[in-house]
Number of protein chains: 2
Amino acid sequence: MDLLKISKALADATRFKILKILMAKGEISCSELEGHFTLSQPTISHHSKILFDCGLIHAKKDGQHSLLSVNKKLLEKYLTSLKEELVK
Amino acid sequence: MDLLKISKALADATRFKILKILMAKGEISCSELEGHFTLSQPTISHHSKILFDCGLIHAKKDGQHSLLSVNKKLLEKYLTSLKEELVK
DNA sequence: TCAATATATAGATATATTTCAATATATCTT
DNA sequence: AAGATATATTGAAATATATCTATATATTGA
């Protein structure tokens, strides 16, 4: 787990919102995700990729769709590690 | 507390290291802090300012020195809020 | 096979960030 | 008062990031 990479991924309003939406909705397609933003499709794709690259989201191919969801295990691990690194 | 601003402040290797040093040492001057880096004095001053501006560090004037320390209350609050916003 | 839909990638532009050298300001010491 | 030390600010350069349009790729359905 790359703590810094995950921190950078989270330090952006759009990506933070993506995570929150995914946490609330469970598993949704890219197009459904795009519906929550006024940003363009490539921009949402770009941000999703950054979240995927640091491991924070899963992507499951389902036909022409990609179903995105949060990697809750890693998210928990990140929150725990952040606390351990800084506070303990 | 500005969650995004704090997240951005933490999402940098130098600033993360500054926080860790301050957590370990308690209260130290800027010059002592600089000793832990190969970066220039203005660069460390710049990063310290970003941490100060989001509230994560205190700065107490002591003669010609500025004594820096972590705002542990806010750091704890941040870690709690981050978890609440994302996980709950 | 062809058109439509979903997602990804490329390339360009605008903005933000990191860094340093130079300089300013404040305080201490002699 | 003058020199030394500590910190902050300015201005510039290099790099990174966010965003868009245009286009590519993949999949579905008629």
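- Here T43(A) reaches the OP1 or OP2 of dC20(D): one of its side-chain N or O atoms lies under 4.0 Å away.
- Here the nucleotide nearest the side chain of S66(A), chosen from dA21(C), dC20(D), dT7(C), is dT7(C).
- More than 12 heavy-atom neighbours from other residues, nucleotides or ligands sit within 6.0 angstrom of CZ on F37(A).
- Between dA6(C), dT19(D), dA6(D), one nucleotide has an atom nearer to the side chain of L39(A) than all others, and that is dT19(D).
- A heavy atom closer than 4.0 Å to some atom of DNA chain D occurs in R15(A), these being the qualifying members of residues 14-30 of chain A.
- Residue side chain Q41(A) does not reach the base of dA6(C) through any donor-acceptor N/O pair under 3.5 Å, judged by distance alone.
- Using N1 to N3 plus N6-O4 or O6-N4 for Watson-Crick, or N1-O2 and O6-N3 for G-U wobble, each under 3.5 Å, dT28(D) pairs with dA3(C).
- If you measure from atom NE2 of H46(A) to atom C1' of dA14(C), you get 14 Å, rounded to the nearest angstrom.
- We find that CD1 of I44(B) is positioned 8 Å from P of dC20(C), with the value rounded to whole Å.
- Considering only the side chain of H47(B), dT19(C) comes nearest among dT9(C), dT19(C), dC20(D).
- For dT7(C), the OP1/OP2 oxygens have a side-chain nitrogen or oxygen of H65(A) closer than 4.0 Å.
- Phosphate proximity of dT7(C) to S31(A): present, with a side-chain N or O under 4.0 Å from OP1 or OP2.
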